[in-house]
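If you're wondering where the values come from, they're calculated on a predicted model, not measured in any experiment. Values reported hereafter were calculated over all heavy atoms of this structure, with side chains retained and with hydrogens, waters and symmetry mates removed.
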Amino acid sequence: MTTVEYIQETEFKSLLSDNEIVVLDCTATWCGPCKMVSPLMDKLADEYTGRAKVVKIDVGKNPTVAKQLGIRSIPAVMFFKNGDLLETIVGIAPYEKFSTAVTNIL
């Protein structure tokens, strides 16, 4: 199974411009609910390999991106197409909710 990689603030803009579909898991190491969402993101990355780029960003270490995106609570999973934010799922949700969001964007 794929383990979703963490990105840094400096990579964020190029990631959006280089990939048509981006799923951004806004997380933090101290966040219990985030740890429950993490394996779902790994599964999503596996299922949509080649069609969607799934990454994580630690909002504690990257506060500028968190502020720019208006993150108020985590976990927050954001779905982008061609650099535009189309959907955000906040909190713990079943896998199907995340996969449906990606399918709808494709």
Side-chain angles (χ1 to χ4, degrees):
M1 180 173 277
T2 303
T3 300
V4 176
E5 295 178 14
Y6 279 91
I7 63 161
Q8 302 302 316
E9 287 178 10
T10 53
E11 301 168 85
F12 180 63
K13 283 189 175 164
S14 64
L15 183 75
L16 289 182
S17 62
D18 294 346
N19 296 277
E20 181 182 4
I21 310 286
V22 175
V23 179
L24 180 67
D25 178 13
C26 301
T27 186
T29 54
W30 50 263
C31 170
C34 298
K35 292 175 184 165
M36 296 172 71
V37 169
S38 185
L40 303 180
M41 293 300 104
D42 295 342
K43 184 177 178 183
L44 201 69
D46 274 346
E47 185 175 337
Y48 292 95
T49 299
R51 297 183 288 165
K53 180 76 172 169
V54 181
V55 295
K56 296 179 186 181
I57 192 161
D58 187 319
V59 296
K61 295 178 182 173
N62 299 280
T64 305
V65 170
K67 186 176 181 181
Q68 175 187 342
L69 295 173
I71 302 295
R72 291 196 177 93
S73 68
I74 53 175
V77 180
M78 308 179 101
F79 300 84
F80 295 87
K81 182 170 186 175
N82 299 319
D84 296 324
L85 178 61
L86 298 183
E87 186 172 350
T88 302
I89 298 171
V90 178
I92 300 169
Y95 176 75
E96 292 71 28
K97 189 165 183 181
F98 298 114
S99 64
T100 297
V102 174
T103 301
N104 289 343
I105 293 171
L106 292 171

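Inter-residue side-chain proximity for Leu16 and Leu24 is flagged as unmet; no heavy-atom pair is nearer than 4.5 Å.
Residue pairs meeting the side chain to side chain donor-acceptor pair (under 3.5 Å) criterion with at least one partner in residues 13-31, sequence neighbours excluded, are absent. Sorted by first then second residue, the disulfide bond (SG atoms under 2.5 Å apart) pairs that include residues 28-106, not counting sequence neighbours, are Cys31-Cys34. Applying the disulfide bond (SG atoms under 2.5 Å apart) test to residues at least two apart or on different chains, none of the pairs has a partner in residues 64-106.
With rounding to the nearest 0.5 angstrom, the NZ atom of Lys81 is 13.5 Å from the CD atom of Glu87. Atoms CD and OG1, from Glu47 and Thr103 in turn, are 6.5 Å apart once rounded to the nearest 0.5 Å.
Between Pro63 and Gly60, the shortest heavy-atom contact is CD-O, 4.0 Å. The two residues Cys26 and Ile71 come nearest to each other via the heavy atoms SG-CD1, 3.7 Å.
Between the Glu9 side chain and the Thr64 main chain, a donor and an acceptor come within less than 3.5 Å of each other.
For Asp46, the side chain to side chain donor-acceptor pair (under 3.5 Å) partners are Thr2, not counting sequence neighbours.
Hydrophobic cluster membership differs between Tyr6 and Phe12, with clusters built from Ile, Leu, Val, Met, Phe, Trp and Tyr side chains linked at under 4.5 angstrom. Note on Leu69: it clusters hydrophobically with Val22, by side-chain heavy-atom contacts below 4.5 Å among ILVMFWY residues. Leu15 and Met78 fall within the same hydrophobic cluster, where Ile, Leu, Val, Met, Phe, Trp and Tyr residues are linked whenever their side-chain heavy atoms come under 4.5 Å apart, directly or through other members.
The hydrophobic cluster containing Phe98 also includes Val4, Ile21, Val23, Met36, Val37, Leu40, Met41, Leu44, Tyr48, Val54, Val77, Phe79, Leu86, Ile89, Ile92, Tyr95, Val102, Ile105, Leu106, under a criterion of side-chain heavy atoms closer than 4.5 Å among ILVMFWY residues, counted directly or through chains of members.
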Inset, instruction - Test Lys56 against Ser38 for side-chain hydrogen bond (donor to acceptor under 3.5 Å, both in side chains), laying out the working first. - result: CA-CA 9 Å; Lys56 296 179 186 181; Ser38 185; 2.4 Å; yes

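In this structure, Gln68 places its CD atom where more than 12 heavy-atom neighbours from other residues, nucleotides or ligands lie under 6.0 Å away.
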